[in-house]
Amino acid sequence: MPVRAYDTRSREKRELGTLVEGEVGIYVCGITPYSPSHIGHARQAIAFDIIVRWLRKRGYRVNYITNFTDIDDKIIDAANKEGVGFLEVADRHIEEYFEVMDAMNVQRADAYPRVTETIPEIIDMVTTLIDRGHAYVGDDGVYFEIDTAPEKFGQLTGQTLEMVRAGAGGRVADTGSGKRDHRDFALWKLAKRGEPSWDSPWGSGRPGWHIECSAMSLSHLGEAFDIHGGGSDLMFPHHEAEIFQSECCLGHEPVVQFWMHNGMINVDGEKMSKSLGNFWTIRDAFGKVDPLELRYAMINAPYRQPVEFNSIMLEDACMHQRRLVAAFSEGLSRFGSSDWSASKELSATAERLSTGMDDDFNTRVAIVEVQSVVRNLRGLLDSNEPDEGVSAVVGWLSEFAGRVLGLLPDEGSIAASLKKEESARSEIAECVEALLSKREDARESKDWGSADSIRDELSTMGVVVEDGPEGPTWRLG
RNA sequence: GCACGAGUGGCAGAGCAGCUAUGCAAUGGACUGCAGAUCCAUGUACCCGGGUGCAAAUCCCGGCUCGUGCUCCA
């Protein structure tokens with residue numbers, strides 16, 4: 001079954017016919033590293049991580065590019081405040097970005113181009129746009145002239161030139177002073193005193209906000225490529241600006257076959273933002289839940305839907321993810337993992353999951369299937385005679401919950417944490433067994449008071465006692 | 001105002017024409033001295049008003065409500 005994807009530009013879901021058979025070039029707008037990464041970055045990175053994982057599973061050779069905007073007003077501000085160079089600020093936050101993304105099982109992209117390493121390509125592109133009459137040099141920089149390609153306006157958002165003209169109101173005055181029209185946008189900004197800058201034919205300065213992505217996607221993926229992604233808040237003006245730049249520079253359209261946009265994160269029903277005080281960095285979230293629990297929370301809705309972020313959803317994600325990892329770890333350590341394809345039931349589940357993923361990467365459908373497999377596994381493990389069937393279920397989870405959704409820790413760290421738990425267990429085992437046997441004596445003589453107080457005592461040691469048909473068992477809570 | 005999207009059971013959240021979503025919570029049961037864990041079973045839905053279909057959460061039209069975008073933002 002072919003993969004279908006939703007394209008924002010045509011507003012339809014359609015089959016992913018790639019430019020080169022069996023290959024996918026995908027560019028996703030990355031972060032501006034001026035502050036610690038927030039959960040919106042996590043959502044975006046995880047959404048496209050899963051899209052890329054699925055495409056690879058479907059046999060595509062994927063070239064996945066995502067950038068760092070390592071020069072920008074906010075980075076300059078942060079650097080000035082700290083009294084350090086702008087690259088130091090950028091590098092520090094890029095390093096932090098990789099740390100948190102690695103923790104959430106986000107696989108690395110094939111390349112992470114940076115603006116500061118793409119300056120010559122950007123200058124070339126701006127030069128071409130001027131030569132072709134799409135851009136002009138103003139007092140304080142070079143601008144793209146919207147009126148040279150008005151038909152390209154509103155490609156992603158459906159807005160018209162008039163609407164934005166009308167909506168601009170009093171803002172016109174304070175936009176770049178060298179603009180002929182307030183809807184024009186900067187390609188090159190001339191440096192003010194003390195700002196980082198690069199030489200160019202128009203004077204020293206730095207790239208405008210939008211041109212970097214056009215230049216980086218062009219140099220890594222060529223004059224036409226399959227997928228361009230990013231957060232839905234980038235549709236206007238950033239991605240529409242890219243359409244203007246790339247298509248006018250290259251002289252053909254479309255440059256991008258599919259525009260894909262992930263939904264935002266809402267906190268208590270509103271978009272997360274610093275000014276509302278409902279802002280979470282990824283590390284804030286790590287203080288509440290484990291990295292993979294956060295990952296689970298992020299893929300619990302299809303990538304285009306907004307994710308509601310609040311304590312209820314976090315607890316929910318936490319519980320489900322723990323159930324999954326607990327059942328998987330137990331199954332793996334007791335029975336190992338084996339091929340599942342002989343199982344009719346597991347094949348049917350895999351089929352439903354795949355149909356969901358093929359239909360615009362519906363992770364929610366995938367999670368439903370994972371949940372029911374976990375439920376079955378739990379039942380098998382707790383039954384009196386679990387059999388070899390367990391290892392096939394473990395194999396299935398390893399493939400879909402693990403490699404496709406990225407929800408499972410790698411088997412090495414599962415083994416390590418089981419070992420750690422085992423040694424913690426064995427340290428106190430003797431003491432616990434002694435207390436338990438005292439408790440059994442009390443239970444034998446129906447002295448429930450003593451039995452319960454021993455259980456309370458164990459509970460303060462962090463030991464949870466569970467009475468079963470074959471006597472009591474205990475675990476660390 | 002304009003654009004885009006969404007409104008589903010106590011909660012989270014799929015489905016997008018016919019066939020149990022799923023999970024949590026709830027209720028009943030099994031197992032238990034009790035508790036816990038686990039399992040089995042059960043109930044409660046599709047914003048409102050029209051329309052098209054043999055059949056509509058699902059398509060069409062009209063409302064209402066909410067979110068996002070129109071300014072830096074993943």
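Chain identifiers are assigned alphabetically (A, B, ...) following the order of the sequence lines, protein sequences preceding nucleic acid strands; residue numbering begins at 1 within each chain. Just so you know, these numbers use all the heavy atoms, side chains as well, and skip hydrogens, waters and symmetry mates.
Among the heavy atoms of the strands, none lies under 4.0 Å from A:V28. Within 4.0 Å (heavy atoms only), A:G154 reaches no atom of the nucleic acid at all. Within the nucleic acid shown, A:D73 has no heavy atom closer than 4.0 Å to any nucleic acid atom. Backbone-only contact: A:E270 has heavy atoms under 4.0 Å from sugar-phosphate atoms and none from a base. Here A:M235 lies out of heavy-atom contact (under 4.0 Å) with every strand. Residue-level contact check: A:R9 touches neither bases nor backbone, having no heavy atom under 4.0 Å from any strand. Using a 4.0 Å heavy-atom criterion, one finds that A:G231 contacts the sugar-phosphate atoms exclusively.
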Protein within reach of the bases, or only the backbone? For nucleotides 9-21 of chain B, mark each nucleotide 5' to 3' as B, S or -, using heavy atoms under 4.0 Å.
--S-SSS-----B

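Closest to the side chain of A:R455, out of B:C39, B:A74, B:G33, is B:G33. Of the candidates B:C4, B:A74, B:C24, the closest approach to any side-chain atom of A:R11 belongs to B:C4. Set against B:C39, B:A74, B:C24, the side chain of A:H38 has B:A74 as its closest nucleotide. Taking every side-chain heavy atom of A:R323 into account, B:U38 is the closest of B:U38, B:G36, B:U68. Checking B:A74, B:C34, B:C39 against the side-chain heavy atoms of A:R378 singles out B:C39 as nearest. Comparing atom distances between the A:I265 side chain and each of B:G33, B:A74, B:U22 picks out B:A74 as nearest.
In this structure, A:R425 is positioned above the aromatic face of A:W474, its NZ or CZ under 6.0 Å from the six-membered ring centre and within 45° of the axis.
Nucleotides B:A57 and B:G51 have their P atoms positioned 15 Å apart, rounded to a whole Å. The separation of B:C39 from B:A25, taken at their P atoms, amounts to 11 Å, rounded to a whole angstrom. Across B:G49 and B:G43, the matching P atoms stand 26 Å from one another, rounded to whole Å. With both ends at atom P, the span from B:U22 to B:A14 equals 16 Å, rounded to whole Å. A gap of 40 Å separates the P atoms of B:G28 and B:A17, to the nearest Å. For B:G36 and B:U44, the P atoms lie 27 Å apart once the distance is rounded to whole Å. Separating the C1' atom of B:C16 from that of B:C34 is a span of 49 Å, rounded to the nearest Å. Spacing between B:U8 and B:C47 at atom C1', rounded to whole Å, works out to 10 Å.
Taking a pair to require two hydrogen-bonding distances under 3.5 Å in either a Watson-Crick or a G-U wobble arrangement, B:C4 pairs with B:G67. Here B:C72 sits opposite no nucleotide as a Watson-Crick or G-U wobble pair (both hydrogen-bonding atom distances under 3.5 Å). Across all strands shown, B:G9 has no partner, as no Watson-Crick or G-U wobble contact with both distances under 3.5 Å is found. With a 3.5 Å ceiling on both atom-pair distances, the Watson-Crick or G-U wobble partner of B:A26 is B:U42. Shown here, B:A14 forms no base pair; nothing in the strands shown gives a Watson-Crick or G-U wobble contact with both key distances under 3.5 Å. Nucleotide B:U32: unpaired (no Watson-Crick or G-U wobble partner with both distances less than 3.5 Å). B:U20 makes up no base pair with any nucleotide shown, lacking Watson-Crick or G-U wobble contacts both under 3.5 Å. In this structure B:G53 sits in no base pair that meets the Watson-Crick or G-U test at under 3.5 Å.
The CZ atom of A:F185 sits 16 Å away from the C1' atom of B:C70 (whole-angstrom rounding). Rounded to whole Å, atom P of B:C72 lies 16 Å from atom NE2 of A:H41. Taking atom CD on A:E466 and atom P on B:G33, their separation rounds to 16 Å, with Å as the unit. Per the geometry, NE2 belonging to A:H261 stands 18 Å off P belonging to B:U68, to the nearest Å. To the nearest angstrom, P of B:G36 lies 12 Å from CG of A:D452. Put simply, CH2 on A:W448 is 12 Å from P on B:U32, counting in whole angstrom units. Between the NE2 atom of A:H228 and the P atom of B:A74 there is a distance of 13 Å, rounded to whole Å. Separating the CZ atom of A:F236 from the C1' atom of B:G5 is a distance of 18 Å, rounded to the nearest angstrom.
For B:C34, the OP1/OP2 oxygens have no side-chain nitrogen or oxygen of A:K446 closer than 4.0 Å. Contact annotation: A:R375 side-chain N/O to B:C40 OP1/OP2 distance is under 4.0 Å.
For the residue pair A:Y27 / A:N67, a side-chain donor-acceptor distance below 3.5 Å is found, with atom types taken as modelled. Using modelled atom types and a 3.5 Å distance limit, the side chains of A:Q159 and A:T157 yield a donor-acceptor pair. Side-chain atoms of A:S450 and A:D447 include a donor-acceptor pair closer than 3.5 Å. Side-chain contact check for A:T118 and A:E212: no donor-acceptor pair (N or O, by modelled atom type) lies under 3.5 Å. Side chains of A:S453 and A:D456: a donor-acceptor N/O pair is absent below 3.5 angstrom, by distance only. There is no side-chain donor-acceptor pair under 3.5 Å between A:Y34 and A:D77.
Across every non-hydrogen atom of A:A350 and A:W396, the tightest pair is CB-NE1, 3.5 Å.
Remark: A:E444 CD is loosely packed, at most 12 non-hydrogen atoms of other residues, nucleotides or ligands lying under 6.0 Å away.
Applying the 90° criterion around 0 to the glycosidic angle, B:G53 comes out syn. Base orientation of B:A57: syn, the glycosidic angle falling within 90° of 0.
Where A:Y6 and A:N266 each meet RNA chain B at their nearest nucleotide, the meeting point lying more 5' is that of A:Y6. For the pair A:T157 and A:H210, both in contact range of RNA chain B, the more 5′-proximal nearest nucleotide belongs to A:T157.
At distances below 3.5 Å, at least one donor-acceptor pair connects side-chain atoms of A:D72 with backbone N or O atoms of A:K74.
The pair A:D358-A:R4 fails the salt-bridge criterion, with no side-chain N (NZ, NE, NH1 or NH2) lying under 4.0 Å from an Asp/Glu carboxylate O.
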